[in-house]
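Below is one structure, written out as structure tokens; comments come after it.
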Amino acid sequence: MADIYQDDTGQEVKKQFTLSVLTEDLPGLLNSVTIIFTRRKLNIDMINVSASEVPGVSRYTIVLTTTRSQVEKVVKQIRKHIDVLGAFVYEEDEIHYQEIALYKVPTDIFFEGMKVENIVRANNARILVIEKDYIVIEKTGHKEETQKLLDTLKPLGVLEFVRSGRVSISKSKRKTETFIEELENSKTHSLNTNGKLEYGKN
Amino acid sequence: MATLTQKSKMKEAQSIKVSGSEAVILSLMEEGVDTIFGYPGGAIMPVYDSLYHYRDKVNHILVRHEQGAAHAAQGYARVSGKVGVCFATSGPGATNLITGIADAQIDSTPIVCITGQVPAHLLGTDAFQESDVLSISMPVTKWSFQVTTPEEIPYAIARAFYIAKSGRPGPVLVDITKNAQFGQLDFKYEKCEKIRSYHPYPPIDSKKIEEAANLINKAKKPYILAGHGILLSGAQEELKQFAEKTGIPVANTLLGLSAFPTDHPLNVGFLGMHGNYGSNVKTNQCDVLIAVGMRFDDRVTGDSNKYAKQAKVIHIEIDHAEIDKIIQTDVAINADAKQALKELIKSVNSNTHKNWVQEFRDCDKIEFEKVIKKDLYPEGDQIKMGEVVRLVNEIADGEAVLVTDVGQHQMVASRYYKFKYPNTNITSGGLGTMGFALPAAMGAQVGEKNRQVIAVIGDGGFQMTIQELGTIFQYNIPVKIIVLNNNFLGMVRQWQQLFFEKRYSFTEMTNPDFIKIADGYSIKANRISERKDLQGAIKEMYDHNGPYLLEVKVETEENVFPMVPSGDSVANIRLS
């Protein structure tokens, strides 16, 4: 059966997936999540962990490149962890996402006409800090955009560059608090109950 | 800590001021723990000191190596359905538990391991006997947690027990720093009944039950594969009713053995690499495969790309992550096996599949002629492993608990032992841990005093945990130990013979005098090397009051057949 996840030879194609994971805010949990990838020799392209809008709940955004079937299995393993509240897998068109990049350049490159300022403007970047020796430029966007700015600035001299992990938000209308309330009230904690929770569904 | 305060809706229960170490013992008692397997050491000494005060209420068994404690807790849990408990100290004590924990994880066995840890202020300083057991245990536990203050102890232990036994059971590790054991707390205990992020019992989807029943009702050649999940959910009666109502033949996985009586007319045998001929080849001929509480281990499926491709697959499984992991299902029922079978029984039609069951019986005849007859009634001079098991059957009559180690003897015993009652089969399946049987048998005998426990072990595995004879001696645990000695690591040797052109690379063993070793522990022992003495020796062992070691010198280069060569299709099972 040929489908969109197979190439012409029937091999499953690898593509980039974004996982969004909600967990209790606990020490060591990041380790237990990442070893799920380690065990399968999957490289994490990007990872970001921060507090969500719900107190005590962390949100992980993990980006990796693999096959659909592999990512499905991995997300089930993450979901299975006791302290994980929910784990969701998205493709690029199911999320809004951004990454932030910072570029430290020597201050004196700004003294050679308007060139650098034009680059900053044309890339919708902004100047974050001006110091005597260096200037920090900030740019938010997708990787191709932050990379393009880096490539443009490089010949002029870049002292340091850093890009954050992806943060993403799904296009689903689900409210995180409602999701967690459903978890709290579900009848799936013991036997002989008749819960209706669609656990882990987007 | 957020979850602690959120979750602790402590009732008006009276609190008492106790030390953290006493809270450990009190919490265990609240969970109904009556037996602990353990080994003391520096970082867990306060707990042992508290245990001393409760030694008439809680039975502690001092093992000879922490791995033995973990396996004993497994044996105890598997036979009794209760949570097994073990104690170990920090550093090497904790790391020695890991093999047993990993075994419990892959074989879904509920155990709670409590480890001592260096005082919180020394964490991360390479203190004496410090190891990062929390990180080490993460990939092999269902849950692990480090306690650094006394107040967390009741909370952590309550959670540990709930997690270990609910849903798909598994091992839990609670690491307690020494300062938390020494410190004081207001102790009150409340059992954990709910963790918001953990949903061990998914609701049954009635649509899926209906879909499954439709497939089953229309099937011409339906086939049930019964796994460990039957025993874990206590569904053996439901399985029997389901099979009898529908007339569908049942095969067992290694860990599913004893979930369905061996002599039941619908029992068609044992699955997997050294399982029965019919039960394997028919997998690739059935039209509906009903897998209950099993996970399609590669030792069951062989090449999963050539496994049951012709069949519609119904998978009843409590662990969502197991569904579609190896075999794509047509109908997945993500639920507790007992609950799902109860529902399914209502929706399926009464039926019989006489011709289909007969096909299995025809295979059995072939297997009997080519394999079983030679195993059970051999004519050569040397004793075969199979005939030992046959004679054990004659005496035990299914009343005993069989504990096996890993290797040829395990496959032979699993093939030929006649199971009558649930939870009478204890073995290391997923991890294949040599050294499992002796300590697991000891734990099983402690957990089930009304049945005789018989451990069948190879000479290799026996020597991996042989020191537990000391424990058996000290507590006079009346296990019967049969060592099938072929002076080889037999299974590896078999593979070397079949796949490595008989290059017997380091598989031959020069063994000690096991009788003298048993004698050193005052355990009665006997060695048999001739067939004529075998029956009497087994009877003497069985009738002996107390532990007993029977060493049987078996054929040195016996091979176990049938065999699905590793990575081959189940259809290509070899009879010789």
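A note on names: the letters A, B, ... follow the listed sequences, proteins ahead of strands, and every chain is numbered from 1.
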Next item on the list: Output the option from Asp83(A), Thr23(A), Ile82(A) having the highest count of non-hydrogen pairs under 4.5 Å with chain B.
Entry: Ile82(A)

Report which part of [X] has an atom under 4.5 Å of a heavy atom belonging to chain B: side chain, backbone, both, or neither.
| X | answer |
| --- | --- |
| Ile35(A) | side chain |
| Leu22(A) | neither |
| Val57(A) | side chain |

Using a strict threshold of under 4.0 Å (side-chain N to carboxylate O), is an ion pair present between [Y] and [X]?
| X | Y | answer |
| --- | --- | --- |
| Glu322(B) | Arg295(B) | no |
| Asp336(B) | Lys342(B) | no |
| Glu91(A) | Lys15(A) | yes |

Between [X] and chain A, which part of the residue has a heavy atom less than 4.5 Å away: side chain, backbone, both or neither?
| X | result |
| --- | --- |
| Asp205(B) | neither |
| Pro202(B) | backbone |
| Lys338(B) | neither |
| Ile163(B) | side chain |

Note to self: What verdict does the side-chain hydrogen bond (donor to acceptor under 3.5 Å, both in side chains) test give for Arg166(A) and Thr61(A), after you've listed the backbone C-alpha separation in whole Å, the side-chain angles of each residue and the deciding distance to 0.1 Å?
What the structure shows: CA-CA 7 Å; Arg166(A) 176 178 294 182; Thr61(A) 307; over 6 Å; no

Check: Just how far is it from atom CG of Leu149(A) to atom CD1 of Ile137(A), taken to the nearest 0.5 Å?
Finding: 6.5 Å

Checklist line | Inter-residue atom distance Ile62(A).CD1 - Ser168(A).OG, 0.5 Å rounding | finding: 10.5 Å

Check: With ring centroids as reference points, do His142(A) and Tyr97(A) lie under 6.0 angstrom apart?
Finding: yes

Notebook entry, point to check: Considering heavy atoms only, which positions within residues 109-125 of chain B lie below 4.5 Å of chain A?
Noted result: none

Checklist line | Option passing side chain to side chain contact (heavy atoms under 4.5 Å, CB included) with His315(B) (candidates Thr329(B), Asn334(B), Val331(B)) | finding: Thr329(B)

Notebook entry, point to check: Regarding Arg174(A) and the six-membered ring of Phe88(A), is the cationic atom NZ or CZ under 6.0 Å from the ring centre and inside 45° of its axis?
Noted result: yes

Notebook entry, point to check: With distance as the sole criterion, is a donor-acceptor pair present between the side chains of Thr67(A) and Gln70(A) under 3.5 Å?
Noted result: no

